[in-house]
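Below: the structure, in structure tokens.
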Amino acid sequence: QVQLVESGGGLVRSGESLRLSCAASGLRLESSNVAWFRQAPGKERELVSCISMSSDGRTYYANSVKGRFTISRDILKNAVNLQMNMLNAEDTADYYCATVRSCYGMGYTDFGLWGQGTQVTVSS
């Protein structure tokens with residue numbers, strides 16, 4: 001099957017870290033632009049981070065996570081990771097990865113595959 005599967009979510013305390021993984025099957029993820037989104041109850045879905053296809057490799061971060069989160073590729077595992085440090089309560093949300101047309105402009109609104117999501121809860 002062609003799919004994305006997120007993992008790594010959980011419940012942590014404020015200031016702790018988590019590493020999320022977006023693993024692909026049925027496609028070479030390095031050939032795709034991959035974005036991480038999150039959505040909390042009562043809030044709109046927001047773009048958290050994005051990494052361009054490996055030939056480009058540019059990254060994007062929302063201002064709210066810049067300096068705390070790092071997106072990267074694990075080529076051998078056909079995955080994209082999101083290292084989340086210094087977590088706080090505002091980071092509590094369901095996190096999703098998706099292939100997108102582009103990380104820039106409005107290209108991140110043109111979706112390909114979506115994962116099922118992984119829940120991140122930060123207590124403070």
Side-chain angles (χ1 to χ4, degrees):
Q1 284 72 31
V2 178
Q3 62 180 9
L4 304 177
V5 178
E6 301 96 332
S7 62
L11 194 158
V12 297
R13 292 182 174 86
S14 180
E16 295 182 339
S17 299
L18 283 173
R19 179 183 287 112
L20 306 184
S21 179
C22 174
S25 61
L27 76 158
R28 292 179 67 242
L29 205 57
E30 66 178 312
S31 299
S32 297
N33 307 302
V34 180
W36 282 97
F37 298 86
R38 67 185 181 187
Q39 187 165 27
K43 297 181 62 178
E44 294 183 349
R45 183 181 61 225
E46 64 173 328
L47 176 66
V48 176
S49 185
C50 193
I51 186 166
S52 297
M53 60 183 66
S54 59
S55 61
D56 185 330
R58 292 189 300 164
T59 56
Y60 165 85
Y61 299 95
N63 288 334
S64 59
V65 307
K66 194 173 299 181
R68 299 188 297 120
F69 290 12
T70 303
I71 191 170
S72 63
R73 293 183 182 272
D74 188 333
I75 301 298
L76 294 179
K77 294 182 179 179
N78 197 25
V80 169
N81 298 326
L82 185 68
Q83 177 68 42
M84 307 186 296
N85 297 328
M86 296 177 287
L87 287 163
N88 56 61
E90 288 70 48
D91 298 314
T92 295
D94 291 330
Y95 284 72
Y96 303 86
C97 65
T99 60
V100 297
R101 181 179 182 181
S102 174
C103 290
Y104 301 95
M106 295 298 291
Y108 65 86
T109 66
D110 189 354
F111 306 111
L113 297 173
W114 281 89
Q116 86 289 345
T118 186
Q119 186 175 139
V120 172
T121 302
V122 184
S123 62
S124 61

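For the pair Leu27 and Ser32, the tightest heavy-atom approach, listed with the atom from each and the gap, is CD1-OG, 3.9 Å. A pairwise comparison of heavy atoms in Arg73 and Ser52 identifies NH2-O, 2.9 Å as the closest pair. Heavy atoms only, all atoms of each residue included: Leu47 and Ala35 are closest at CD1-CB, 3.7 Å. Across all non-hydrogen atoms, the minimal contact from Gly8 to Thr118 is N-OG1, 4.1 Å.
In terms of the side chain to side chain contact (heavy atoms under 4.5 Å, CB included) criterion, residue partners of Gln39 (sequence neighbours excluded) are, by chain and number, Arg45. The side-chain hydrogen bond (donor to acceptor under 3.5 Å, both in side chains) test applied to Thr70 returns no partner, not counting sequence neighbours. Listed by chain and number, the residues in a side chain to side chain contact (heavy atoms under 4.5 Å, CB included) with Asn88 are Ser14, Arg68, Glu90, Asp91 (sequence neighbours excluded). The side-chain hydrogen bond (donor to acceptor under 3.5 Å, both in side chains) check on Lys43 picks up nothing, with sequence neighbours excluded. Take Thr59 and apply the side chain to side chain contact (heavy atoms under 4.5 Å, CB included) test, not counting sequence neighbours, and it matches Ile51, Tyr61, Ile71. Residues satisfying the side chain to side chain contact (heavy atoms under 4.5 Å, CB included) test with Thr109, not counting sequence neighbours, are Met106.
Legend: disulfide (SG to SG under 2.5 Å) pairs involving residues 3-67, not counting sequence neighbours, sorted by first then second residue: Cys22-Cys97, Cys50-Cys103. For residues 15-24, every residue pair satisfying the side chain to side chain donor-acceptor pair (under 3.5 Å) rule, not counting sequence neighbours, is listed here: Ser17-Asn85, Arg19-Gln83, Ser21-Asn81. Screening residues 3-27 for ring pair (Phe, Tyr, Trp, His ring centres under 6.0 Å) gives no qualifying pairs among residues at least two apart or on separate chains. For residues 112-124, no residue pair satisfies the salt bridge (Lys or Arg N to Asp or Glu O under 4.0 Å) rule, not counting sequence neighbours. Residue pairs that meet the ring pair (Phe, Tyr, Trp, His ring centres under 6.0 Å) test with at least one member in residues 78-124, sequence neighbours left out, are Phe37-Phe111, Phe37-Trp114, Phe111-Trp114. Residue pairs meeting the salt bridge (Lys or Arg N to Asp or Glu O under 4.0 Å) criterion with at least one partner in residues 94-122, sequence neighbours excluded, are Arg101-Asp110.
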Side chain to side chain contact (heavy atoms under 4.5 Å, CB included) assessment of Leu20 paired with Glu6: CA-CA 7 Å; Leu20 306 184; Glu6 301 96 332; over 6 Å; no

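Expressed to the nearest 0.5 Å, how far CG of Leu11 lies from OG1 of Thr121 amounts to 5.0 Å.
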